[in-house]
2 protein chains.
Amino acid sequence: MITAAVKKNTREKILEETFLLLLENGYDNVSVSEIQHRLGISRGLLYIYFKSKSDLLFEACRTYFFDRFMTNIDFEKISLRDFISHVRKVIFTLTKINGKEIDILKYNTLCSHLLIQNPDFKSFALEQFSMARKVIRRAIKSGEIKNVPESFVGATLLAILGRTSYITQTPGKSYVRKRILEDIESFYDIIKRGS
Amino acid sequence: MITAAVKKNTREKILEETFLLLLENGYDNVSVSEIQHRLGISRGLLYIYFKSKSDLLFEACRTYFFDRFMTNIDFEKISLRDFISHVRKVIFTLTKINGKEIDILKYNTLCSHLLIQNPDFKSFALEQFSMARKVIRRAIKSGEIKNVPESFVGATLLAILGRTSYITQTPGKSYVRKRILEDIESFYDIIKRGS
């Protein structure tokens with residue numbers, strides 16, 4: 001008998017390994033056999049947890065691109081300042097999955113690829129971003145930030161977070177993370193009221 | 001006898017067709033045979049103008065990613081405002097190559113790819129960006145813009161210009177161009193002194 005706790009654990013293990021493979025190989029080059037092989041499990045077991053390969057890949061991306069960012073936030077109340085601080089914290093936890101350092105450029109490239117190629121992922125992303133847009137809209141209304149276009153604030157924050165290349169000789173993991181955090185702060189500083 | 005004018009014309013035609021193919025197929029999927037085929041020229045003629053395939057691809061990218069942006073600018077004198085206005089104008093001419101509308105997302109994706117994969121292209125890009133950085137540094141020093149980190153201004157302008165995905169249901173060519181231009185202006189507005 002598989003207990004609920006074991007089930008949760010196995011499901012998470014599968015999602016984690018799938019996501020690490022997606023980062024390494026790119027979305028179009030991940031096979032179910034390789035996931036099985038890495039985890040040492042049967043195809044039958046895999047399909048207890050996921051309906052299909054595309055269901056598995058989607059769930060893995062949803063988990064690592066959204067769920068870890070978006071939980072424990074009250075989108076109806078949080079200020080933009082607190083939202084950004086939350087994102088800062090999450091970026092630090094995000095750079096490690098099960099002790100392995102993630103390459104943020106690969107992470108961003110995978111996300112761009114999904115937004116262009118996968119309509120389901122894109123619809124899901126749109127929903128998530130509409131919640132973030134609410135935070136920005138409220139920050140403009142309340143006077144927390146200047147009266148700038150909402151779409152500009154959202155797009156620029158995303159552009160800073162989501163860059164896929166850096167013009168530097170040595171874009172190491174810690175350099176990229178440092179630059180994202182610094183640039184997000186610099187951006188908030190210049191849009192906030194009274195700066 | 002091939003006159004200098006014919007030579008220039010042929011060279012440009014080859015670069016143009018090569019770049020259009022790069023946009024369509026991606027950097028790793030362009031063959032010299034296909035370029036020949038499209039232009040109806042022999043391999044021998046092609047190699048009068050270019051030393052090798054990689055020389056041809058590099059020259060095509062240099063031409064369409066940099067030469068069209070960077071000419072007629074005095075980097076020792078131009079203000080950031082005038083530099084941005086220049087870029088605005090160039091983006092409009094850039095969306096058409098020989099009457100064909102270019103897809104800006106593909107254009108940006110190709111550029112990201114080259115920066116990551118091609119060390120020669122990256123060195124060249126670094127040189128070009130160091131000139132743009134000069135303009136930003138001077139704008140901070142002269143008080144044209146606020147005292148914000150130079151790297152933040154450069155990276156954010158590049159991030160806005162170079163986005164490879166948009167969170168929208170219909171990222172048509174005109175939408176992407178419009179958003180780039182609007183966001184660049186919004187960004188300049190909030191960094192300029194006295195805003």
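Below, read A as the first sequence line, B as the second, and so on, with proteins coming before strands; counting in each chain starts at 1.
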If you count heavy-atom pairs within less than 4.5 Å of chain A, which of P149(B), A155(B), G162(B), P119(B) leads? A155(B)

Minimum heavy-atom distance I160(B)-F152(A), with the two atoms named: CD1-CE1, 4.4 Å

Would the number of heavy atoms belonging to other residues, nucleotides or ligands and lying under 6.0 Å from NZ of K173(B) be above 12? yes

Using non-hydrogen atoms only, which part of T156(A) is less than 4.5 Å away from chain B: side chain, backbone, both, or neither? side chain

Can you find a pair of side-chain heavy atoms, one from S151(A) and one from R179(B), that are under 4.5 Å apart? yes

Taking side chain as everything from C-beta outward and backbone as N, CA, C, O, which of these in L105(B) sits under 4.5 Å from a heavy atom of chain A? Side chain, backbone, both or neither. neither

Could you tell me which portion of S186(B) (side chain, backbone, both or neither) has an atom closer than 4.5 angstrom to a non-hydrogen atom of chain A? both

How long is the straight-line distance from CD1 of I190(A) back to CZ of F187(B), given to the nearest 0.5 Å? 4.5 Å

